[in-house]
Protein chains: 2
Amino acid sequence: MGVSLKDVALRAGVSVKTVSNVVNDYPHVTPGTRRRVQQAIDELGYRPNLTARHLRKGRTGIITLAVPELGNPYFAEVAGAVIDAAARHELTVLLDHTAGLREKEVLVSQGFRSHVIDGLILSPIRLEGEDLLARPEGPPMVLLGEREYDAPYDHIMIDNVGAARTAVRHLLDIGRRRIAFLGARRESARQPAHLRLRGWREAITAAGLVPDESMVAATEGYDRADGAAAMAALLDREDRPDAVFAYNDLIALGAMRTLVERGLRVPEDIAVVGFDDIEEGRYGMVSLTTVAPDKAALAQIAVDCLVERIAVAGGGEPPQPRRILPGYRLIVRESTAVRRS
Amino acid sequence: MGVSLKDVALRAGVSVKTVSNVVNDYPHVTPGTRRRVQQAIDELGYRPNLTARHLRKGRTGIITLAVPELGNPYFAEVAGAVIDAAARHELTVLLDHTAGLREKEVLVSQGFRSHVIDGLILSPIRLEGEDLLARPEGPPMVLLGEREYDAPYDHIMIDNVGAARTAVRHLLDIGRRRIAFLGARRESARQPAHLRLRGWREAITAAGLVPDESMVAATEGYDRADGAAAMAALLDREDRPDAVFAYNDLIALGAMRTLVERGLRVPEDIAVVGFDDIEEGRYGMVSLTTVAPDKAALAQIAVDCLVERIAVAGGGEPPQPRRILPGYRLIVRESTAVRRS
């Protein structure tokens, strides 16, 4: 008790600002300084009292991030990035998972546990626009993710159509003509799978070809097992595809497992492109070409938008709802690394 | 407002207990009943008021789970299992990640955000026994994970030595004699890497062989990149190993990537066994043999222990601290599927 930031600064021979930077894990502190400050913290037994600081402002210092599933490494990686971005604002993240169920997404969006959170970042899959419009007053909320809505909330998302076009154009560029799409679902036109399918169609049409809708394979879910099953179904056709664009990396990786089981070579027989750039895709026996969303930017922008809205929630003019599309890039790896035919 | 569980039960024509089961996502409700109850909930606009129920008991209904990193699928899978187990007790999980830093583990164990949580499940890596003994009064805490402590807390963990022995004995059984261990770290004898290394030594000794300590490769961390680098270092030796037991699946998968880059076959040239049974290992080009901890049991027991301690925290005799070791099994896949020589 009673040890202040200033005491630590005096002991370490640095400024209060530098101690604060160390305590909050900000970058731009040299390792030597960090060590000296940490030593002073240890010697004095200083414990940052973020709780009190937040409570003085009538806040808890906690935000919720609700994602459809933690088992998908993409969401785990995004969650890690959100936690890092939140820490830079001295915020702790309460992580919730909705299992992609509409009821749970509604529950979360309507302020479940709202007495302990300052704000909410929601990554919805099944939530409908009407659910958002029916949302009662609650803590500030920011949407993160690929489903489109007409609702007055900041929304951080990838340009799904454009990114899918880039991926499919790459497959056309390496000479592939029978390009399958894995991971379509019977769902509304504003769902991400539908948007990526539109990108597939646009790229093929732009190349002067006609999209072959029989090359579109639906999946039940978005997991490896779904990709493996959809690939198996496509291979039972007479004219099998010479390339696959998968809705996400997990589906692509499952599809590649089926290809190896059938004795087909990637990329020689069938080239494969995924979406998400999860770390696993970099380490497979055949590394995976993929569309890499800028996850750090997604997370940082989502947290910054939320922090801005939390700041004005007590009074002040909130900014207009924004739709922000951070960048992405195509990362070419072994699964498409063939000479142009 | 004002819609009760009983109203929903009347509308759906089921018992209040059944409605509660549906609301809490318990199993053993038929799909038809679930649909009927959900319809009644939607029609009446019922919203379960868990918050109020918890607050009446002086609780928040929130527990923290602190893991070293979410980027490792093992922890993401365990976190998912804990969230499921907690939901069965109507508890929400606040997920925290410590990045495996001692300071952060101390901060979490000492009750960071303790004003909003009923209890804490901590999976420590760097925390020392003295940190635990110095822990002030705080919400009930249960330890989960592989590092050993002498401290008065329930601790749910795997039998690391026994599980490692099982893995290495399997490699001996398929005729391998030069078995490397990947993922050792210069650390205390109570750390999991050290315990698994002990199992490696015991299995080799029990087979009448002498452990070759030059076959033990240290890694900086526990990721794919660490496994890839350690494998590369081992392959530069004159007498390369004919098998690898890796500390975890990520290290094993990184090692397999190095093997394929060097033109070596798995399992013919080098057989590989991992530890964790993450889903990724099932879908590689060569599926991975691994030690599979019973993650659902780990999570369930940890939550049950914590719930019991939360219940007696208000008064009553707490049970003696327990050390509970849920089971594990060896899952043999392609990475060791060779005939006995």
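Lettering follows sequence order; numbering is per chain, from 1.
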Please flag which part of A:E280 lies under 4.5 Å from any non-hydrogen atom of chain B: side chain, backbone, both or neither.
both

Which atoms of B:E103 come close to chain A, meaning under 4.5 Å heavy atom to heavy atom: side chain ones, backbone ones, both, or neither?
side chain

CG/A:L95 to CG/B:L65 distance, rounded to the nearest 0.5 angstrom?
10.0 Å

Do you know which two heavy atoms are closest between B:Y283 and A:G254, and how far apart they sit?
CD2-CA, 4.1 Å

Note: vs chain B, highest number of non-hydrogen pairs under 4.5 angstrom among A:R282, A:R224, A:E77, A:E279 is A:R224

For the atom pair CD (B:E69) and CD1 (A:I83), what is the distance rounded to the nearest 0.5 Å?
11.5 Å

Given a strict heavy-atom distance threshold of 4.5 Å, which part of B:L253 is in contact with chain A: side chain, backbone, both, or neither?
backbone

Counting only non-hydrogen atoms closer than 4.5 Å, does A:Q38 touch chain B with its backbone (N, CA, C, O), its side chain (CB onward), both, or neither?
side chain

Positive for side chain to side chain contact (heavy atoms under 4.5 Å, CB included) with A:L94, one of B:D96, B:L94, B:V93, B:T64
B:L94

When rounded to the nearest 0.5 angstrom, what distance separates CD1 in B:I117 from CD1 in A:I62?
9.0 Å

Under a 4.5 Å heavy-atom cutoff, which of A:S287, A:P73, A:A76 has the most pairs with chain B?
A:S287

Quick check on A:A225 against chain B: is it the side chain, the backbone, both or neither that has a heavy atom closer than 4.5 Å?
both

Checking heavy atoms, do the side chain of A:V286, its backbone, both or neither come under 4.5 Å from chain B?
both

Count the heavy atoms of every other residue, nucleotide or ligand shown that sit under 6.0 Å from CZ of B:R102, and state whether that count exceeds 12.
yes

Residues of residues 255-264 of chain B near chain A, each having a heavy atom less than 4.5 Å away
B:M256, B:R257, B:V260

